[in-house]
Amino acid sequence: QMEPVESGGGLVQTGGSLRLSCVASGRISNIKSMGWYRQAPGKQRELVATIGRGGTTNYAGFVKGRFTISRDNAGDNAKNTVTLQMNRLKPEDTGVYYCNRVDEVVTIEGRSQFEYWGQGTQVTVSS
C-alpha cells in the first residue's frame, strides 16, 4: 500500500499537545519527502511541515517553534514513520491533518514524481 496511514488526532484544550504519526510502506526507497498538511473547514489545504530524504525540514510560519516533524525508520526497511509533535496548540490549529508522501523514481527516461495522501485525522483544539 502506497498511501500513508495517519494516527493520533483528537480533542485537546488550548495550550495542550498532540502527537500525530504517519506510516508509509511499499517501495520506501523511492520516498523523496513526507509531510503534513491540514485543512480547516471552509479553507484550502495548507502545508504544515515536511521532511526530506536527507532529513531537511520545512515548516509553515504559523507553526515554527510549536511543531516538530521527525522521521524514524531505524531498523525497519519496510516502512517509514513520520511524526508531528504539536505543542502549544491553538483553536486555529483545528482541522483535518493529512500525511503526504512524495516518491521520486529515476529511470533512463528521466525523473518522475508520484504523490500519495493519507485519509486524514481530525485535530480539534477547544478554547
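The first residue in the sequence is number 1, and the count goes up from there.
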**Nearest-0.5 Å distance, CG of residue Leu18 to CG of residue Leu11** = 8.5 Å

**Message:** A side-chain contact here means heavy atoms from C-beta on lying under 4.5 Å apart; do Ile69 and Val82 qualify?
**Reply:** yes

**Message:** Apply the hydrophobic cluster definition, ILVMFWY joined by side-chain contacts under 4.5 Å directly or through others, and give me every member besides Ile108.
**Reply:** none

**Fill in**
Heavy-atom closest pair (Thr121 atom, Trp36 atom, distance to 0.1 Å) is CG2-CZ3, 4.5 Å

**Item:** Test item: Met2 and Arg27 side chains (from C-beta on) under 4.5 Å apart, heavy atoms
**Value:** yes

**Request:** Over all heavy atoms of both residues, which pair between Thr83 and Ser21 is shortest? Give the atoms and the distance, please.
**Result:** OG1-OG, 3.9 Å

**Prompt:** Which value, rounded to the nearest 0.5 Å, describes the distance between Arg45 atom CZ and Gln39 atom CD?
**Reply:** 5.5 Å

**Prompt:** What heavy-atom pair brings Pro4 and Cys22 nearest, and what distance separates the two atoms?
**Reply:** CB-SG, 3.3 Å

**Asked** How is the hydrophobic cluster of Trp117 composed, in terms of its other members, when Ile, Leu, Val, Met, Phe, Trp and Tyr link through side-chain heavy atoms under 4.5 Å apart, directly or indirectly?
**Response** Tyr37, Leu47, Val96, Tyr98

**Spacing of Ser33 atom OG and Ile51 atom CD1 [to the nearest 0.5 Å]** = 10.0 Å

**Request:** Decide yes or no on side chain to side chain contact (heavy atoms under 4.5 Å, CB included) for Met86 and Arg19, but give the supporting numbers first.
**Result:** CA-CA 6 Å; Met86 304 186 293; Arg19 187 179 182 91; over 6 Å; no

**Request:** Please check if atom CD in Gln119 has more than 12 non-hydrogen atoms from other residues, nucleotides or ligands closer than 6.0 Å.
**Result:** no

**Message:** Testing the basics here: between Thr94 and Ala40, what is the closest heavy-atom pair and its distance to 0.1 Å?
**Reply:** O-CB, 3.7 Å

**Prompt:** Could you give the distance from OH (Tyr59) to NZ (Lys64), rounded to the nearest 0.5 Å?
**Reply:** 10.0 Å

**Message:** Checking side-chain polar atoms at under 3.5 Å, does Glu115 have a donor or acceptor matched by the opposite partner on Asn100?
**Reply:** yes

**Asked** Distance-only, no hydrogens or angles: does the Arg101 side chain make a donor-acceptor pair with backbone N or O of Ser25 under 3.5 Å?
**Response** yes

**Prompt:** Distance from Asn58 atom CG to Thr50 atom OG1, nearest 0.5 Å?
**Reply:** 4.5 Å

**Message:** Tell me the closest heavy-atom pair linking Glu6 and Tyr97, and the distance in Å.
**Reply:** OE2-O, 3.9 Å

**Request:** Would you indicate whether the side-chain heavy atoms of Phe114 and Val102 approach each other to under 4.5 Å?
**Result:** no

**Check: Thr124/Gln122 side-chain N/O donor and acceptor closer than 3.5 Å** = yes

**Message:** Using 0.5 Å steps for rounding, measure from the OG1 atom of Thr68 to the CG atom of Asn87.
**Reply:** 6.5 Å

**Prompt:** Is the closest side-chain donor-acceptor distance between Thr81 and Asp72 under 3.5 Å?
**Reply:** no

**Request:** Measure the shortest side-chain to side-chain distance between Ser17 and Val12 over non-hydrogen atoms and say whether it is less than 4.5 angstrom.
**Result:** no

**Message:** How close do Met34 and Ala24 get, counting heavy atoms only, and between which atoms?
**Reply:** CE-CB, 3.7 Å

**Message:** Quick check: is Leu20 connected to Val23 through a chain of hydrophobic side chains (ILVMFWY, heavy atoms under 4.5 Å apart)?
**Reply:** no

**Sole candidate of Glu46, Glu92, Lys90 that passes side-chain contact (heavy atoms from CB on, under 4.5 Å) when paired with Phe62** = Glu46

**Asked** Step by step, would you call Arg111 with Val105 a side chain to side chain contact (heavy atoms under 4.5 Å, CB included)?
**Response** CA-CA 6 Å; Arg111 295 177 184 268; Val105 179; over 6 Å; no

**Prompt:** Under 3.5 Å, is there a donor-acceptor pair between the side chain of Arg71 and the main chain of Arg53?
**Reply:** yes

